[in-house]
Amino acid sequence: MKMSQLLVPTLREDPAEAEIVSHRLLLRAGFIRKVAAGIYTYLPLGLKVLHKVENVIREEMNRAGAQEIFMPVLLPAELWKETNRWDQYGKELFRIADRHERQFCLGPTHEEVITDIVRSSIHSYRNLPVTLYQIQTKFRDEIRPRFGLMRGREFMMKDAYSFHASAEDLDREYKNMHAAYCRIFDRLGLKYQVIKADSGLIGGEFSEEFNVIADAGENELPDGKRGIEVGHIFKLGTKYSESMKCVYLDENNVEKPMTMGCYGIGVGRTAQAAIEQNHDANGIIWPVPLAPFQAAIIPVNTTLPEQMATSDQLYKAGQAIGLDMLLDDREQRVGVKLKDIDLIGIPVKVIIGKALAEGNVELKLRRTGETKLVPVAAAIKELQGLLG
RNA sequence: CGGGGCGUAGCUUAGCUUGGUAGAGCGCUUGGUUCGGGACCAAGAGGUCGGAGGUUCAAAUCCUCUCGCCCCGACCA
């Protein structure tokens with residue numbers, strides 16, 4: 001992508017509306033824009049990062065044997081009345097009526113819908129267990145939306161649900177999901193802690209939270225550290241299957257309620273938590289798996305044809321082997337470009353400048369500032385090595 | 001919802017106490033000089049001061065109401 005064509009409205013100064021560093025940087029670096037309290041537009045860079053998180057989640061969920069589906073956001077009140085949550089959920093539930101005055105809500109979570117699907121499509125122990133998930137926008141009328149994507153009223157969430165013929169099998173899948181969650185957060189390069197938690201309105205017997213360790217976190221972790229809850233996994237038991245009659249026949253032809261688990265990850269919150277853990281005075285320092293671009297090619301002087309030609313050559317060579325790079329072709333002084341690229345957190349800068357006279361370009365790491373001169377011909381291979 | 005704070009140009013803001021009809025920096029446009037970490041000079045564009053009502057000869061400024069946003073608390077990915 002050419003920087004000159006990309007919508008990245010970076011700001012020179014910190015926006016007054018943001019308090020915590022990750023929120024400030026998301027706004028300042030042009031990743032998101034607020035539409036209303038707790039409601040944001042993801043600009044091109046923000047959406048790219050969101051997709052990176054989603055894809056890691058998707059890969060690990062699929063690897064763990066879960067199947068992706070996509071449920072509606074708009075949900076009929078009837079389903080929610082079956083479990084009594086139409087009344088219990090309270091003001092946090094966005095409620096609307098259609099033209100016939102039928103009641104609906106915007107889904108804050110999907111236990112009712114998934115249970116409805118499974119009860120109508122699975123009737124035998126032979127078809128259990130099954131784990132289904134979706135990655136979708138959720139709506140919760142939070143008491144106090146805050147901190148950008150950290151606590152929004154509309155936000156992206158991966159929610160998975162598992163159905164079992166026994167508590168033992170739920171235990172097995174719960175561990176399986178736990179392991180998948182560890183792989184996800186490991187792959188994203190985050191430092192996190194798993195703690196036992198309250199099940200809240202979701203209900204159930206047992207749950208654990210995955211907390212990304214950060215000062216800005218809303219949760220107090222056992223060792224005094226603060227954490228941002230990015231994931232929560234629950235053993236639900238039969239709470240929903242009993243109230244909604246989601247049953248199966250076992251091998252003795254006896255009807256039993258399915259045993260359930262559910263597993264959530266806040267996608268935007270995870271991305272923002274990553275910023276809390278990875279930033280410095282100059283801006284964001286994305287872990288490579290989350291970075292909107294893996295590297296940025298920066299010609300120091302756009303008026304010099306040889307610098308532009310080399311930049312273009314490296315850009316194309318990178319594309320050819322599947323690197324996702326940003327070419328900062330803007331007619332700006334280097335300082336402006338370097339500041340912007342640092343602010344948005346690109347892991348590696350490929351600087352095409354005076355070293356070109358000796359046939360070299362400069363590779364500079366965002367995290368350490370470490371710089372390396374390499375011959376043009378070796379630059380892409382070297383870059384690949386740096387990106388791991 | 002309780003407590004605190006803030007709404008002035010795209011962004012950051014001065015002015016408000018002590019009413020006299022809006023100013024700066026950054027960004028943007030044009031021209032020129034620059035060119036390795038947010039350049040410089042010159043000339044410009046851009047504001048019904050969140051909204052409504054009131055007081056007054058006169059309101060960004062005072063009063064009333066209202067809307068929005070941020071922070072702390074009770075709830076959640």
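We use all heavy atoms of the structure for the numbers below, so side chains are in, but hydrogens, waters and symmetry mates are not. A quick note: this is a predicted structure, and the numbers were derived from the prediction, not measured. Throughout, a chain's letter reflects where its sequence line sits, starting with A, and its residues are numbered from 1.
Classification of A/Arg183 and A/Glu60 as a salt-bridged pair holds, one side-chain N sitting under 4.0 Å from a carboxylate O. Using a 4.0 Å cut-off between charged nitrogen and carboxylate oxygen, A/Glu362 and A/Lys372 do not count as a salt-bridge pair.
Across all strands shown, A/Asp340 has heavy atoms under 4.0 Å from base atoms, whether or not it also approaches the sugar-phosphate. Contacts of A/Lys158 with the nucleic acid, taken as non-hydrogen atoms under 4.0 Å apart, are absent. In this structure, A/Arg28 reaches the bases: a heavy-atom distance under 4.0 Å links it to at least one base atom across the strands shown. Within 4.0 Å (heavy atoms only), A/Gly152 reaches at least one base atom of the nucleic acid. At a threshold of 4.0 angstrom between heavy atoms, the contacts of A/Gly335 are confined to the sugar-phosphate backbone, with no base atom among them. Base engagement by A/Gly353 is indicated by at least one non-hydrogen atom pair under 4.0 Å involving a base atom. A/Val300 comes within 4.0 angstrom of a nucleotide base, judged by non-hydrogen atoms across all strands. Contacts of A/Pro9 with the nucleic acid, taken as non-hydrogen atoms under 4.0 Å apart, are absent. Within the nucleic acid shown, A/Met150 comes within 4.0 Å of at least one base atom, counting heavy atoms only. Using a 4.0 Å heavy-atom distance criterion, A/Ala271 is classed as making no nucleic acid contact. A/Val334 comes within contact range of the sugar-phosphate backbone alone, with a heavy-atom separation under 4.0 Å but no base atom that close. Among the protein residues, A/Asp14 comes within range of the sugar-phosphate backbone only, with heavy atoms under 4.0 Å from sugar or phosphate atoms but none that close to a base. Counting non-hydrogen atoms under 4.0 angstrom, A/Asn219 reaches a base of the nucleic acid. Within the nucleic acid shown, A/Lys349 comes within 4.0 Å of at least one base atom, counting heavy atoms only.
For B/G31, the paired nucleotide is B/C41, the pair qualifying as Watson-Crick or G-U wobble because both relevant distances are below 3.5 Å.
Nearest nucleotide to the A/Ile143 side chain, out of B/C76, B/A74, B/U12: B/A74.
In this model, a side-chain donor or acceptor of A/Asp342 finds a partner on the base of B/G37 within 3.5 Å. Residue-to-nucleotide contacts include no donor-acceptor pair under 3.5 Å from the side chain of A/Lys364 to the base of B/G36. No donor-acceptor contact under 3.5 Å links the side chain of A/Asn282 to the base of B/G37.
The neighbour count for A/Asp215 CG, taken as heavy atoms of other residues, nucleotides or ligands under 6.0 Å away, does not exceed 12.
Phosphate contact (OP1/OP2 of B/G73, side-chain N/O of A/Arg146, threshold under 4.0 Å): present. Considering only side-chain N and O atoms, A/Arg144 lies nowhere under 4.0 angstrom from the phosphate OP1 or OP2 of B/C1.
Annotation: A/Trp80 is not in aromatic contact with A/Tyr240 [ring centroid separation under 6.0 Å not met]. The distance between the ring centers of A/Phe210 and A/Phe185 falls below 6.0 angstrom.
Among residues two or more places apart in sequence or in another chain, the side chain to side chain contact (heavy atoms under 4.5 Å, CB included) test is passed with A/Arg146 by A/Arg144, A/Arg151, A/Glu218.
When A/Glu92, A/Glu78, A/Glu112 are each tested for a salt bridge (charged side-chain N to carboxylate O under 4.0 Å, His left out) with A/Arg85, only one passes: A/Glu112.
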Between protein and nucleotides 25-34 of chain B, map the contacts as a letter string: B base, S sugar-phosphate only, - none, heavy atoms under 4.0 Å, written 5' to 3'. BSS------B
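At a non-hydrogen distance threshold of 4.0 Å, nothing from residues 63-84 of chain A comes into contact with RNA chain B.
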